[in-house]
Amino acid sequence: MSHIRNAAYSFESVAAVGAGLWTLLERLSAEAIAARGFFVVALSGGSLPATLGDSLPAETTIDFSKWRVLYADERCVALDHADSNHGAAKKALLDKLPVEPAVVATINPALIRNPQAAASYYQARLTALAPAADGISSPRIDALLLGMGPDGHTCSLFPGHALLDVKERSVVHITDSPKPPSTRITFTFPVLNAARNAIFVCTGDNKADMIHRIIDLEEDVPSARVKPTLGKLYWFLDAPAASKLTLPTLTFKL
Ligand SMILES: O=C1O[C@H](COP(=O)(O)O)[C@@H](O)[C@H](O)[C@H]1O
């Protein structure tokens with residue numbers, strides 16, 4: 001049986017997905033800070049930052065001063081470029097939060113023309129900010145917020161690409177991304193599957209076919225390979241994204 005089937009929650013709207021996400025983040029952040037003193041969150045690009053930024057709760061107990069923010073993938077462009085995941089996250093989300101710029105781990109802009117060096121630099125930052133623990137040798141992210149493209153890719157891990165098999169590195173570069181821009185850096189599966197919580201956020205009817213294929217038909221696409229070894233998996237779907245599912249989804253409550 002698909003591991004995703006037991007992790008798929010549907011919500012009536014994007015706003016409801018966002019509200020559910022903030023409820024979950026509030027709990028995960030409090031638990032991580034109580035256990036380790038800080039909360040490591042990794043953001044994806046695409047539609048995710050706006051889903052979070054547009055649904056910020058009016059009141060929250062989240063202690064943002066203890067957050068460490070990373071990117072699950074990033075495009076090798078300047079930080080203020082229209083294609084930058086950080087640029088999009090800053091505008092849609094981070095500028096609305098009391099998070100100090102110093103705790104946000106961006107790609108090194110001096111290295112964007114040397115993607116291999118950019119990946120190595122980012123791997124060092126990831127390793128420093130998200131220590132390995134509990135017998136798992138990869139960095140451990142507390143809340144890994146993932147998107148999924150209509151082709152089933154997550155981060156910059158695309159169907160059929162050799163990067164799907166990387167085991168020895170936490171962050172790698174890609175120069176032939178089928179989705180522009182072609183040059184990027186990305187977390188690898190060892191990091192994704194070391195997460196304490198991996199949370200997919202999929203909204204919109206352009207995701208419905210792929211959601212059906214991976215949950216009902218159990219197809220092996222990159223997103224379906226995210227299965228945290230010692231962590232918990234969530235798939236948060238809005239009604240259009242869940243519209244082609246034949247199997248039931250779960251109702252989210254803490
Ligand atoms: O290129 C990317 O696409 C995926 C999916 O984006 P979405 O707009 O369909 O939500 C995203 O998760 C990834 O971070 C980004 O680089």
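Along the sequence shown, residues are numbered consecutively beginning with 1. We use all heavy atoms of the structure for the numbers below, so side chains are in, but hydrogens, waters and symmetry mates are not. Atoms within a ligand are numbered from 1 in the order they appear, just like the ligands themselves.
If you check the side chains of T246 and D216, you find a donor sitting under 3.5 Å from an acceptor. For the residue pair D73 and N85, a side-chain donor N or O sits within less than 3.5 Å of a side-chain acceptor on the partner.
Listed by number with element, the atoms of ligand 1 under 4.0 angstrom from any heavy atom of S44 are 12 (O), 14 (O). Close approach of ligand 1 to K207 (heavy-atom distance below 4.0 Å) involves ligand atoms 7 (P), 9 (O), 10 (O).
In this structure the side chain of P109 reaches within 4.5 angstrom of the side chain of L79, judged on heavy atoms.
Annotation: atom 1 (O) of ligand 1 to nearest protein heavy atom, R75 NH2, 2.9 Å. Atom 3 (O) of ligand 1 has its closest protein heavy atom at K179 NZ, 2.8 Å. Here the heavy atom of the protein found nearest to atom 12 (O) of ligand 1 is G147 CA, 3.4 Å.
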* To do: Could you give me the CA-CA distance, side-chain angles and deciding distance for L56 and L97, then say whether side chain to side chain contact (heavy atoms under 4.5 Å, CB included) is met?
  => CA-CA 9 Å; L56 269 175; L97 302 179; 3.4 Å; yes

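Residue T154 does not touch ligand 1, judged by heavy-atom distances below 4.0 Å.
No salt bridge links R213 with E218; every basic N to acidic carboxylate O contact stays at or beyond 4.0 Å.
A ring-centre distance under 6.0 Å is found for F252 and F236.
Of the candidates G46, S156, S47, A42, S47 brings a heavy atom nearest to atom 10 (O) of ligand 1.
Using a 4.0 angstrom heavy-atom cutoff, H153 counts as in contact with ligand 1.
Looking at G45 next to ligand 1, an N or O pair under 3.5 Å apart turns up.
Hydrophobic clustering, with ILVMFWY side chains joined whenever heavy atoms are under 4.5 angstrom apart, keeps V171 apart from Y121.
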